[in-house]
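Quick notes on the structure that follows.
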Amino acid sequence: MAYNILTPEEAASFIQNGQQIAFSGFTPAGGAKAVPSAIAAKAEKEHAEGRDFKISVITGASCGDLCEGVLARANAIKYRAPYQTNADIRSSANSNKMSYTDLHLSLTPQYMNYGFMGKFDWAIVEAADVNDKGEILLTTSVGISPTGLKLADKIIIELNAHQSKDIYGLHDIYETANPPFRREIPIYSAGDRIGSPVVKVDPKKIVGIVHTNMADTVAPFKPSDPITQKIGQNVADFLAAEMKAGIIPEQFLPIQSGVGNIANAVLGALGDNPDIPQFSMYSEVLQDSVIDLIKSGNIKCASATSLTCTAEKIDEVYKDIKFFKDKLVLRPQEISNSPEVARRIGVISMNTAIEVDLSGNVNSSHIMGKNIMNGIGGSGDFTRAAYISIYTCPSVAKGGMISAIVPNVSHCDHSEHSVNVIVTEYGVADLRCKSPYERANEIIEKCAHPDYRDLLRKFLKDAPMGHTPQTLARAYAFHEAFVNEGDMRKAVL
């Protein structure tokens with residue numbers, strides 16, 4: 001069938017106040033790029049004329065400034081989930097001008113399917129191709145797009161000429177049934193393919209197509225510095241030692257890695273370590289460093305839900321797509337982040353903490369216990385299911401005024417029961433099967449910055465007898481010192 005060709009403004013004219021939209025995008029990769037700006041312009045016009053106009057925005061994860069940023073600045077978002085990295089979203093959420101729900105990313109499509117999130121009026125997705133049978137070829141991410149396309153009453157497609165149709169075969173679209181009819185996900189190694197290369201929808205749901213020609217706006221990460229390089233080296237040395245000790249099998253295990261400079265440094269260190277064999281990745285996001293490690297032969301295959309690469313690196317993939325097609329797999333996020341699969345194939349998880357406490361609890365989402373930074377993302381999906389769960393962070397921030405190692409985290413995303421290993425530039429704290437006091441000493445002596453070790457030792461020493469070292473009156477002394485004095489080193493313990 002012939003689809004209607006729409007301008008972004010014509011597409012936006014269909015969107016009404018109060019509607020809920022599933023947008024494509026997992027990070028800026030594969031996100032809708034033209035229609036959100038037109039919706040934002042419509043919202044500004046409606047507001048100027050005294051009418052309400054806000055929508056609910058559901059995506060795979062963050063979706064870039066061209067989607068969530070423009071909508072937030074237009075005050076066009078009523079509700080947002082499940083993750084974001086945008087300063088305008090963050091400001092609205094922290095000032096309670098917007099309802100924001102921080103969700104585990106593997107659960108988001110399930111909550112959609114279960115009806116927890118209500119009705120979906122629209123799915124607005126980027127595609128590299130679509131045919132008259134309603135077969136949609138996604139671009140650089142999958143995220144929640146298959147679920148959104150299935151549940152939405154109507155669909156608008158941004159057909160992006162910048163994205164190569166040769167990407168066909170990179171995606172593996174597989175959706176689970178709802179309980180009680182759900183079966184196991186038949187993935188037994190990172191590179192297994194179990195689904196379809198396209199998303200299939202009823203073509204009658206497609207209201208129209210908006211033509212675009214826009215690259216993903218993924219900014220390059222800062223180069224590694226001595227601290228991130230040391231953290232990466234510490235992780236690589238730890239994993240090499242675990243393999244030498246027989247804890248990790250000699251063929252190694254799949255790696256999951258978070259996003260950012262530390263993640264890039266860790267992956268680089270794994271590639272440089274001669275004792276780490278060629279490995280696979282079963283992760284949610286693949287960055288530029290992964291593409292380089294595939295080309296160098298360090299990574300044999302990588303599975304994720306998003307190619308969060310710079311435009312230059314994506315072009316590299318497109319130019320050599322025959323080489324990459326059997327080495328890259330893009331899946332829906334309920335599959336890429338499936339705890340069931342992660343536990344079964346033995347994924348080693350590596351994520352970044354904002355702060356860690358002496359019990360081994362990790363805060364990865366909030367600043368000073370109240371302000372959302374980005375969100376829990378997919379870290380929780382992998383942490384509890386991991387063969388070994390690792391959290392990394394620099395020992396201090398703000399020029400030493402903030403310690404990443406604190407008596408008690410101000411917000412807990414990952415409990416001590418799920419966190420195995422903490423790594424800073426100072427060393428590796430192996431918390432596995434240790435008592436609370438043993439864990440606390442391990443973290444202080446191996447990971448804390450020297451400026452904070454005496455304070456942390458005092459907290460531990462003065463704690464009244466109990467199974468877990470705790471002094472309620474001083475639990476947040478570090479945080480109070482920063483709020484009141486601007487420096488955690490001034491904590492009174």
Side-chain angles (χ1 to χ4, degrees), residues 12 15-28 31-32 35-47 50-125 143-145 147-148 151-153 333-334 354 363-381 410-413:
I15 310 303
Q16 303 302 315
N17 178 49
Q19 291 187 325
Q20 179 157 261
I21 303 175
F23 285 95
S24 66
F26 195 105
T27 66
V35 177
S37 291
I39 296 173
K42 177 179 179 176
E44 289 173 339
K45 182 179 178 182
E46 291 291 297
H47 296 160
R51 292 186 291 270
D52 292 336
F53 188 94
K54 288 189 176 183
I55 58 174
S56 294
V57 175
I58 314 299
T59 60
S62 58
C63 57
D65 190 69
L66 291 175
C67 184
E68 61 185 356
V70 294
L71 290 168
R73 287 190 291 276
N75 193 26
I77 302 179
K78 176 184 178 182
Y79 174 80
R80 178 78 177 93
Y83 181 85
Q84 54 73 40
T85 56
N86 184 271
D88 297 297
I89 294 278
R90 192 177 304 131
S91 175
S92 294
N94 288 330
S95 60
N96 290 310
K97 294 177 181 177
M98 170 197 305
S99 294
Y100 173 72
T101 302
D102 186 21
L103 297 174
H104 292 292
L105 298 187
S106 70
L107 289 179
T108 304
Q110 293 188 27
Y111 285 4
M112 294 167 69
N113 277 319
Y114 296 169
F116 293 179
M117 304 184 82
K119 177 178 179 289
F120 281 82
D121 300 285
W122 294 90
I124 300 177
V125 303
I144 62 162
S145 291
T147 308
L151 296 178
D153 292 339
Q333 68 195 62
E334 65 180 319
I354 290 175
N363 168 20
S364 62
S365 65
H366 282 72
I367 304 299
M368 294 295 142
K370 64 175 186 174
N371 287 330
I372 190 78
M373 186 62 182
N374 297 326
I376 194 171
S379 56
D381 296 328
S410 58
H411 176 94
C412 185
D413 292 297

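It should be emphasised that the depicted structure is a prediction, and the values quoted were computed from it without experimental measurement. Starting from 1, each residue takes its place in the sequence as its number.
- The distance from atom CD1 of Ile39 to atom CD1 of Ile15, rounded to the nearest 0.5 Å, is 4.5 Å.
- Contact detail for Pro36 and Ala32: the closest heavy-atom pair is CG-O, 3.8 Å.
- In this structure, Trp122 CH2 and Ile21 CD1 are separated by 8.5 Å, a value rounded to the nearest 0.5 Å.
- A donor-acceptor pair under 3.5 Å is absent between the side-chain atoms of Asn371 and the main chain of Ile367, judged by distance alone.
- Of the charged side-chain nitrogens involved, none lies within less than 4.0 Å of a carboxylate oxygen, so that Lys97 and Asp88 do not count as a salt-bridged pair.
- Rounding to the nearest 0.5 Å gives a distance of 12.5 Å between OH of Tyr83 and OG1 of Thr108.
- Between the Asp413 side chain and the Ser364 main chain, a donor and an acceptor come within less than 3.5 Å of each other.
- Heavy atoms only, all atoms of each residue included: Ala74 and Ala43 are closest at O-CB, 4.3 Å.
- The two residues Ser145 and Val125 make their nearest non-hydrogen contact at OG-CG1, 4.0 Å.
- Distance check: Gln110 CD to Asn113 CG gives 8.0 Å after rounding to the nearest 0.5 Å.
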Inset, instruction - Could you go through the side-chain contact (heavy atoms from CB on, under 4.5 Å) check for Thr147 and Tyr111 one step at a time? - result: CA-CA 10 Å; Thr147 308; Tyr111 285 4; over 6 Å; no
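- By the side-chain contact (heavy atoms from CB on, under 4.5 Å) test, Lys78 is found to be paired with Lys54, residues two or more places apart in sequence or in another chain being considered.
- Smallest separation of non-hydrogen atoms from Gln333 and Ile144: OE1-N, 3.3 Å.
- Annotation for Glu334 and Ser106: closest pair CB-O, 3.8 Å, computed over non-hydrogen atoms.
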Inset, instruction - Report the C-alpha separation of Ile55 and Val57 in whole Å, then their side-chain angles, then the decisive distance to 0.1 Å, and conclude whether the side-chain contact (heavy atoms from CB on, under 4.5 Å) test is met. - result: CA-CA 6 Å; Ile55 58 174; Val57 175; 4.0 Å; yes
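- Remark: Lys370 NZ to Ser410 OG distance equals 11.0 Å, nearest 0.5 Å.
- Put simply, the side chain of Ser62 never gets that close to the backbone of Thr85: no donor and acceptor are under 3.5 Å apart.
- Ile376 is listed as a side-chain neighbour of His104, based on a closest heavy-atom distance under 4.5 Å.
- Ring geometry, Phe116 versus Tyr114: the interplanar angle exceeds 60°, so the pair is classed perpendicular (tilted spans 30 to 60°).
- Side chains of Arg73 and Asp65 form a contact here, defined as non-hydrogen atoms less than 4.5 Å apart.
- With sequence neighbours left out, the side-chain contact (heavy atoms from CB on, under 4.5 Å) criterion links Ile372 to Gln84, Arg90, Ala93, Asn94, Tyr100, Asp102, Ser365, His366.
- Between the side chain of Glu44 and the backbone N or O of Ala41 there is no donor-acceptor pair closer than 3.5 Å.
- Counting all heavy atoms, side chain and backbone alike, Asp121 lies closest to Lys119 at OD1-NZ, 2.6 Å.
- Taking Ala81 as the reference, Ile58, Tyr79, Thr101, Leu103, Met117 meet the side-chain contact (heavy atoms from CB on, under 4.5 Å) condition, with sequence neighbours excluded.
- We find the NE2-NZ distance between His47 and Lys42 to be 11.0 Å, quoted to the nearest 0.5 Å.
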Legend entry - side chain to side chain donor-acceptor pair (under 3.5 Å) evaluation trace for Thr59 with Arg80: CA-CA 8 Å; Thr59 60; Arg80 178 78 177 93; 3.0 Å; yes
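- At distances below 3.5 Å, not a single donor-acceptor pair connects side-chain atoms of Ser92 with backbone N or O atoms of Ile89.
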